[in-house]
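One structure below.
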Amino acid sequence: MSQTAKTRVLTGITTTGTPHLGNYVGAIKPAIEASQDPSVQSFYFLADYHALIKCQDPKRVQESRLEIAATWLALGLDTDNAIFYRQSDLMEVQELSWMLSCVCAKGLMNRAHAYKAAVADNEEAGNQDADKGVTMGLFGYPVLMAADILMFNANKVPVGRDQIQHIEMARDMAGRFNHLYKGQYFTLPEAVVSEKGEVLKGLDGRKMSKSYDNTIPLFSTEKKLQKLVRKIKTNSLEPGEPKDPDTCTLFQIYSAFASDSETAAMREQYAAGIGWGDAKNQVFEYLNAHLAEPRERYTALMEDPAYIESVLQKGALRAREEAAVTMDRLRSAVGLGRFV
């Protein structure tokens, strides 16, 4: 199998929401750093087929695709080195997904976390049909995810802990295909979980998530950002009373952006009993200064969808060049090759 010496890293972003601070810290920032590393061949894609599983609002999906593409470009994604594309621009992904579904055991899909959670919810609600509301998209999406990864023989896939199972499933499907068709067609991917492993907390102290409606959108206006930072939940300790930074959402958000020395200085202010109003003002000022330049670029990009489209088309062209070669080889492997 022809493989470049570069490590291949692949990241997909589901296009159902507006990117927030948690997305930036957990996925976008490390991925953009990797896109600038010449020893890494990065693949970043808008997982818009995946979006259809959760969201049947076409306007929302369309808006989200544009917002997410603009966000990555505004934050400095190197699209000369990285290959940046829309999943829906690669028909080959659907073809590979079908091939993999033909070697994937249904029992494997029965064990998928999202499916099991849906069944458990139905049982808890007393529904006679354990599969009520479960679409084939929800049931089979680990196969589509495997196709995304195996199409480009990614070595490493950065994921949250809740997604490790899907990488293991992709390895299972790859191994099964290699065994059945007697060849090394697929590299077995590895899950990469951030050492920080920290999930940014939202306004209410729970995980920052669109589903909890507790997020701080990455490119909120200055006024909105200030309002949201002021809404972050804190305790009732008065100014002058020492405060624990390690249990504080406000401190966690600050330290995710600040340098080690800035974080240490803020920690000292907590020990000295900084007032919550003062702490929130400092966090807002810091975030606002940190995000001002990319926010400006983001606003300009959102007003120029034709430029974003041209970048994604270029990325799709590069992705399809490789995907077409891969699919030719796989078609021959399974007996669907040309007669002459």
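Note: hydrogens, waters and symmetry copies are ignored here, and every other heavy atom, side chains too, is used. Positions are given from 1, in the same order as the sequence printed here. All values derive from a computational prediction rather than experimental measurement.
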With side-chain contact (heavy atoms from CB on, under 4.5 Å) as the test, would you mind laying out the steps for M145 and I167 before giving the verdict?
CA-CA 8 Å; M145 189 167 164; I167 310 304; 4.0 Å; yes
Quick check on the hydrophobic clustering: are [X] and [Y] connected, directly or via other members, by side-chain heavy-atom contacts under 4.5 Å?
| X | Y | result |
| --- | --- | --- |
| V192 | L188 | no |
| F152 | V143 | yes |
| L52 | I13 | no |
| M91 | W98 | no |
| V9 | Y24 | no |

Scan side-chain atoms only and decide if Q226 and N288 contain a donor-acceptor pair under the 3.5 Å cut-off.
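Per modelled atom types, Q226 and N288 side chains form no pair under 3.5 Å.
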Please tell me whether S259 and S261 have a donor and an acceptor in their side chains that are separated by less than 3.5 angstrom.
yes
Would you call the rings of [X] and [Y] parallel, tilted or perpendicular if under 30° counts as parallel and over 60° as perpendicular?
| X | Y | value |
| --- | --- | --- |
| Y141 | H50 | perpendicular |
| Y270 | W276 | perpendicular |
| F45 | Y85 | parallel |
| Y286 | H290 | parallel |

Decide yes or no on side-chain contact (heavy atoms from CB on, under 4.5 Å) for K314 and T79, but give the supporting numbers first.
CA-CA 9 Å; K314 269 186 221 154; T79 54; over 6 Å; no
Less than 4.5 Å apart, any side-chain heavy atom of [X] and any of [Y]?
| X | Y | result |
| --- | --- | --- |
| L228 | P217 | yes |
| C104 | R176 | no |
| L225 | I216 | yes |
| V40 | K156 | no |
| L96 | F186 | yes |
| F257 | V25 | yes |
| T234 | K280 | yes |
| F219 | E67 | no |

Measure the [atom1]-[atom2] distance between [X] and [Y] for me, rounded to the nearest 0.5 Å.
| X | Y | atom1 | atom2 | value |
| --- | --- | --- | --- | --- |
| R171 | N178 | CZ | CG | 11.5 Å |
| N23 | I68 | CG | CD1 | 7.5 Å |
| I83 | D80 | CD1 | CG | 11.5 Å |
| Q87 | D148 | CD | CG | 4.5 Å |
| E33 | I28 | CD | CD1 | 12.5 Å |
| L203 | R230 | CG | CZ | 14.0 Å |

Okay, side chain of [X], backbone of [Y]: is any donor-acceptor separation there less than 3.5 Å?
| X | Y | answer |
| --- | --- | --- |
| D78 | I32 | no |
| N155 | E190 | no |
| D89 | A316 | no |
| K243 | E238 | yes |
| E95 | M327 | no |
| R318 | A82 | yes |
| N127 | D129 | no |
| S310 | Y307 | yes |

Decide if atom [atom1] of [X] counts as having more than 12 heavy atoms of other residues, nucleotides or ligands within a radius under 6.0 Å.
| X | atom1 | value |
| --- | --- | --- |
| R297 | CZ | yes |
| E124 | CD | no |
| E293 | CD | no |
| D260 | CG | no |
| D213 | CG | no |

State, to 0.1 Å, how close [X] and [Y] come at their nearest heavy-atom pair, and which atoms those are.
| X | Y | answer |
| --- | --- | --- |
| L75 | P294 | CD2-CB, 3.8 Å |
| A70 | M302 | CB-SD, 3.7 Å |
| P305 | L66 | CB-CD1, 4.0 Å |
| M208 | G22 | SD-N, 3.4 Å |
| L150 | T187 | CD2-O, 3.7 Å |
| R111 | K116 | O-CD, 3.4 Å |

Just do the side-chain contact (heavy atoms from CB on, under 4.5 Å) check on S35 and N81 with the steps written out, would you?
CA-CA 6 Å; S35 82; N81 183 26; 5.5 Å; no
Determine, stepwise, if the pair Y115 / F139 fulfils ring-ring contact (aromatic ring centres under 6.0 Å, His included).
CA-CA 6 Å; Y115 173 62; F139 183 70; 4.8 Å; yes
Show the numbers, then the answer: is there a side-chain contact (heavy atoms from CB on, under 4.5 Å) between V157 and T11?
CA-CA 6 Å; V157 185; T11 303; over 6 Å; no
Stepwise, does the salt bridge (charged side-chain N to carboxylate O under 4.0 Å, His left out) test hold for D121 with K132?
CA-CA 10 Å; D121 287 348; K132 187 182 176 185; over 6 Å; no
Under a 4.0 Å threshold between the charged nitrogen and the carboxylate oxygen, would R60 count as salt-bridged to E63?
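Looking at E63 and R60, the cut-off is met.
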Indicate yes or no: does R86 engage E309 in a salt bridge with an N to O separation below 4.0 Å.
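Looking at R86 and E309, the cut-off is met.
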